[in-house]
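One structure below.
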Amino acid sequence: MKPIEMKSKLRFYTILVIFLMGFLSVRLAFVQLFRNEAYQTRAKDNSIRLVTIKASRGEIYSGDNELLATNKLVYTVSLNYLEISKADTDTIAANLSANLIGLYPEMTPEFIKAKLDEQKFRLFEPIVLLRDIPWDLVVKLEENRMDLPGVTINVEPLRTYPQGSLAGHVLGYIHSISEEEMAKEEIKSQYSLNSLIGKSGVEKQYESYLRGADGAQQIEVDANGRPVPNRDITTKYPVAGSNVYLTINSRLQKVMEQSMEATLKQLQTAHPKARVGAAVLINVKTGEILAMYSSPALNPDDFKGNLSRDKAPYYLPQGDYNPMEPGALKNRAIQGSYPPGSTFKPITGMAALEKSAMNPLNEYVNCAGAYWVEPFIKCTGVHGNVNYYSAMAHSCNTYFQEMGRRAGKDEIIRVANEFGLGTKTGIDLPDETKGLLPTPQWKFETNDIGFKQQHETNLNSIDAKYDALLAQAQSEQEKQELLKKKQKELNQMETQFKIDYNWSTEWKPYDTFNMSIGQGYNDFTVIQLAQYVSTLANGGSLYKPYVVSKVINAQGKVVLESKPTLVRSVAVSARSIAETKRAMLEVGRGEGTGAALFTNFPANIQVAAKTGSAESGRAGDDALKDTHGVFIAFAPFNDPEIAFASVIEYGFSGAISGGPVCKAVFEQYFGIVDHLAAATNAATPPASTATPPAGNTTPPAGSNPPAGETTPPSTTTPPVATKPNQTTPPITEVKP
């Protein structure tokens, strides 16, 4: 070979070698710089696996030590991303889906691949696909292991609720953590994408105590990914979550739930839309919640995995709100707000007393069936001459509208605010609704901008209309005629706007009259009503309600203990409170609207109450028939211990809806009737057998109180009368 040829070939091979070395160097640099973490993780995982050891979630107990939430060991199906080659992803997803889809229709190949894609930035974590799979499926997956590389079956603790839906909304539920939650800094270091986290109720509010701390174990595996016996490297043991003890009494809770469901069922025969109810029982001396229920019920066990297709409509119905399919996800005791109806009348009465505008015993107002000041709101009946006690007993609209006029809006609003209405109670449950205590400022701010914007839109439409007409005008005379018409139309619109604007933004006497009987813009939660009647019962101490009494960690140490929290002593005189409590006592006896409810109670356990019926305010509802039943009460009258509040949507009246539920719960609390024993013996739910007082079945147009709150008509006399013959004795202190 000639030297020149040799030199040429050597140059070629030299360039080739340099090129290959350069390519390898670039590839090596790419791997080192950009793929370093993935390959290091893959290399380590060839022999070492880090297995998470799930911590047991803390248990939840009722106030009487009934276990409400615990854990059980279950089998889970996971995918290890690092054991699945990219080329095999489709095959493995298809094979795994074929094994799962019979029991779990959502486990399609596309769903499995989507789960893999979600975790592509956390390759070291297994991907949990299913929890709590049956033993037969475990066996099936193990038999097909050769076709399912990367699929692992583990045992871990999973939440379970042995009492089913008992206090379900209070307990709340856990579910898979969301990407939004994982993005939070305080969560990122403590959870993985496979974690379950509290989503509502106590499970959410006390998540930091309940969750515990996961452990981990390093194990050595062989080439097939199976653990090598006796080759554990290191283990960090998990720390169990703390146990939470509620203030809820399980027996009272059961009675409340069973009685509510029985009452709803009975109501539906005459009122088909009565499918929603909420109730609260509270200790008036501490603020402890002894029972809380929202119907339809929530079963926390339904949410541990993917919500099944057949249950989803029950919790989250689609489309606009339908009273026949109301949805069960919301805790309506703290998240639903309602007009209070006649249960607001004690507030109006106290406001009048505070202004020295009323003598509760010796001053009478005549009720002729409607208030005599425009807009002439009707009463529940023709009650004749009534004082504070008899007006409360009959739920007389006329009397309390007159008291509202005397007290004035500012005093009514002040007293209502003192008792916590329209303000969050601060209960230790998440997502509490504020409700609404209307004020003149609120009314102005709510309607001012909207009305002005609408007026501007209307003016622009007139301009556009006449601009088009003027452009088509054939003569100057025609243009002048059009301009005159335009100006006339603008003047009419401006006049109407001022009328509508003033009516909608300025507080009118009509607003005060409506507010004084619990209608209008008033909108409160059941927990607010319970706090209000509790404060009234105990003489004016407004306590913050709470559902958790203490938290005890895994070592048995009390890490949190709740104490009664006095928010304030209300700025309402003891006399006003005492007279109002005495008036409420008349509701449950004699001709009172709730008299038929508590006839079997002993003399030392007298019940003070207030019934109410509130127009729903929802579009399409009949103002006469589609009313919510509202009920508040406390007992014993002489030394109150407990207070109750409830709202039953479309329950028509408090006397026939919340009243029987209150009766059953009070009977259980005071040992008058053991409804749980009776229900067991008779195999029937503990519905109250009380019947509402006799009366009309439909309230008169424009009225607020319910059926059963009427009395025989009296002869018409002048609006304000002087002392007629009545037998009510003078009252100077809170005694029956």
Side-chain angles (χ1 to χ4, degrees), residues 163-169 251-281 291-299 302 310-311 313-315 317 321-333 336 338 526 594 596-598 611-614 616 621-622 625-631 633 644-668 673-693 697-698 706-708:
Q163 304 278 358
S165 62
L166 185 71
H169 284 97
R251 293 179 64 81
L252 295 174
Q253 184 72 28
K254 289 174 184 175
V255 171
M256 178 179 283
E257 294 190 12
Q258 293 173 6
S259 181
M260 176 75 78
E261 293 306 320
T263 299
L264 286 170
K265 184 177 180 180
Q266 185 176 13
L267 282 169
Q268 287 163 18
T269 58
H271 308 282
K273 293 196 287 189
R275 297 174 182 273
V276 166
V280 172
L281 183 71
M292 175 186 286
Y293 184 51
S294 176
S295 179
L298 180 147
N299 188 338
D302 292 339
D310 60 323
K311 291 179 180 177
Y314 171 76
Y315 290 105
Y321 182 77
N322 179 0
M324 303 301 287
E325 296 178 356
L329 193 61
K330 183 165 71 173
N331 181 359
R332 290 173 168 87
Y338 305 92
V526 178
L597 291 168
F598 306 107
T611 59
S613 178
S616 72
D621 280 353
D622 186 322
K625 299 178 181 178
D626 293 332
T627 54
H628 301 328
V630 192
F631 193 85
F644 174 91
S646 72
V647 173
I648 292 185
E649 293 187 19
Y650 303 105
F652 190 58
S653 80
I656 65 172
S657 57
V661 180
C662 178
K663 171 183 169 67
V665 173
F666 278 21
E667 285 173 336
Q668 188 71 32
V673 178
D674 187 345
H675 286 284
L676 298 178
T680 301
N681 295 336
T684 56
S688 171
T689 57
T691 55
T697 58
T698 305

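For V630 against A614, the heavy-atom pair with the smallest separation is CG2-CB, 4.4 Å. Taking each heavy atom of L281 and L252 in turn, the nearest pair found is CD2-CD1, 3.8 Å. The two residues L597 and A655 make their nearest non-hydrogen contact at CD2-O, 3.9 Å. In terms of heavy atoms, T263 sits closest to I656 at CG2-O, 4.0 Å. Across all their heavy atoms, G654 and P660 have their closest contact at O-CD, 4.5 Å. The shortest non-hydrogen separation linking V276 to R332 is CG1-CD, 3.1 Å.
In this pair, F666 and F644 present their aromatic rings perpendicular. The plane angle is above 60°, beyond the 30 to 60° band.
Here P323 pairs with K273, Y321, Y650 under the side chain to side chain contact (heavy atoms under 4.5 Å, CB included) rule; sequence neighbours left out. Looking at residues two or more places apart in sequence or on another chain, you find a side chain to side chain contact (heavy atoms under 4.5 Å, CB included) between E261 and L264, Y293, S295. For the ring pair (Phe, Tyr, Trp, His ring centres under 6.0 Å) test, no residue two or more places apart in sequence or in another chain qualifies with Y314. Remark: K265 pairs with no residue by the side-chain hydrogen bond (donor to acceptor under 3.5 Å, both in side chains) rule, at least two apart or across chains. Applying the salt bridge (charged side-chain N to carboxylate O under 4.0 Å, His left out) test to R251 and every residue at least two apart in sequence or in another chain returns D674. For the side chain to side chain contact (heavy atoms under 4.5 Å, CB included) test, residues two or more places apart in sequence or in another chain that qualify with D310 are S308.
Here the straight-line distance linking atom CD of Q253 with atom CG of L166 works out to 5.5 Å at 0.5 Å rounding. One finds the SG atom of C662 at 11.0 Å from the CE atom of M260 (value rounded to the nearest 0.5 Å).
Looking only at side-chain heavy atoms (C-beta outward), S657 and L267 come within less than 4.5 Å of each other. Between D302 and Y315, some side-chain heavy-atom pair lies under the 4.5 Å cut-off.
Between the side chain of T627 and the backbone N or O of F652 there is at least one donor-acceptor pair closer than 3.5 Å. Of the possible donor and acceptor atoms, none in the side chain of H169 sits under 3.5 Å from a partner among the backbone N and O of A297. The backbone N or O of A274 lies less than 3.5 Å from a partner atom in the side chain of Q268, making a donor-acceptor pair. For the pair S613 (side chain) and S653 (backbone), a donor-acceptor distance under 3.5 Å is absent. Looking at Q668, its side chain does come within 3.5 Å of a backbone N or O of H675 through a donor-acceptor pair.
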Give the intermediate values and the outcome of side-chain contact (heavy atoms from CB on, under 4.5 Å) for residues V661 and S646.
CA-CA 9 Å; V661 180; S646 72; 5.7 Å; no

